[in-house]
Amino acid sequence: MTTIYIAYGSETGNSEGLAYRTRDQLIQSGYSAEVVELDDIDPSSLPQIKVLLIITSTYGEGDPPSNAEELHDFIVNEHVGLDHLQYSVCALGDTDYEFFCQCGKDFDARLAELGAQRITPRVDCDVDY
């Protein structure tokens, strides 16, 4: 069975909590799922990941949270083929900020540009999700 990786980027813990709740739901539905921080994903391991769910907040002026910076930088700046990857993004943010859910938007757009196949459209969640 293919493992679904649920990778989160968070400064305050909201994305982390949602990642674990998502994992629990997937396991209850019979899937194999594992939660990891976004920076725990070594870019060289991306070819081994078949299904990736990203749950991430946005920090400051549209920046990734600190535990998502490394993978965000890699995805945004490198040119790697990811046509083997299926993914979905849940972006957490606050509509009071100019760059609402920007980190999630960046991941979603760039993964698609690199050939990954979107499972579902990105979901942008405000603070009261």
Can you name the residues that form a salt bridge (Lys or Arg N to Asp or Glu O under 4.0 Å) with Arg21, not counting sequence neighbours? none
List the residues meeting salt bridge (Lys or Arg N to Asp or Glu O under 4.0 Å) with Glu69, not counting sequence neighbours, and say none if there are none. none
[X]: partners by side-chain hydrogen bond (donor to acceptor under 3.5 Å, both in side chains), with sequence neighbours left out:
X	answer
Glu37	Asn67
Asp106	His72, Gln102
Tyr8	Glu16

For the atom pair [atom1] ([X]) and [atom2] ([Y]), what is the distance rounded to the nearest 0.5 Å?
X	Y	atom1	atom2	value
Ile6	Tyr31	CD1	OH	12.0 Å
Phe107	Cys90	CZ	SG	13.5 Å
Tyr59	Cys103	OH	SG	13.0 Å
Leu114	Leu85	CG	CG	9.5 Å
Ile75	Leu46	CD1	CG	5.5 Å
Arg118	Leu111	CZ	CG	9.0 Å

Please report the C-alpha distance between Lys105 and Val89 in whole Å, then the side-chain angles of each, then the deciding distance to 0.1 Å, and finally whether the side-chain contact (heavy atoms from CB on, under 4.5 Å) criterion is met. CA-CA 8 Å; Lys105 292 174 182 177; Val89 175; over 6 Å; no
Just by distance, do the side chain of [X] and the backbone of [Y] share a donor-acceptor pair under 3.5 Å?
X	Y	result
Arg110	Glu78	yes
Ser45	Ile41	no
Tyr87	Ile119	no
His84	Ile49	yes
Asn77	Asp73	yes
Gln117	Gly115	yes

Indicate whether the side chain of Ser88 and that of Thr120 have a donor and an acceptor atom separated by less than 3.5 Å.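 Side-chain D/A pair, Ser88 to Thr120: present.
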Check: Glu11/Ser57 side-chain N/O donor and acceptor closer than 3.5 Å: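 No, because no side-chain N or O of Glu11 sits under 3.5 Å from a partner of the opposite role on Ser57.
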Tell me, with the steps shown, if Asp63 and Phe99 meet side-chain contact (heavy atoms from CB on, under 4.5 Å). CA-CA 9 Å; Asp63 299 318; Phe99 298 102; over 6 Å; no
Between Thr3 and Val51, is there a side-chain heavy-atom distance shorter than 4.5 Å?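 Heavy-atom side-chain distance check fails, nothing below 4.5 Å.
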Hey, does Leu52 have a side-chain heavy atom less than 4.5 Å from the side chain of Gln86? no
Test side chain to side chain donor-acceptor pair (under 3.5 Å) on Ser15 and Thr56; report intermediate values, then the result. CA-CA 6 Å; Ser15 294; Thr56 187; 5.4 Å; no
Checking Asp126 now: which residues fulfil side-chain contact (heavy atoms from CB on, under 4.5 Å) with it, not counting sequence neighbours? Asp94, Thr95, Phe100, Asp128
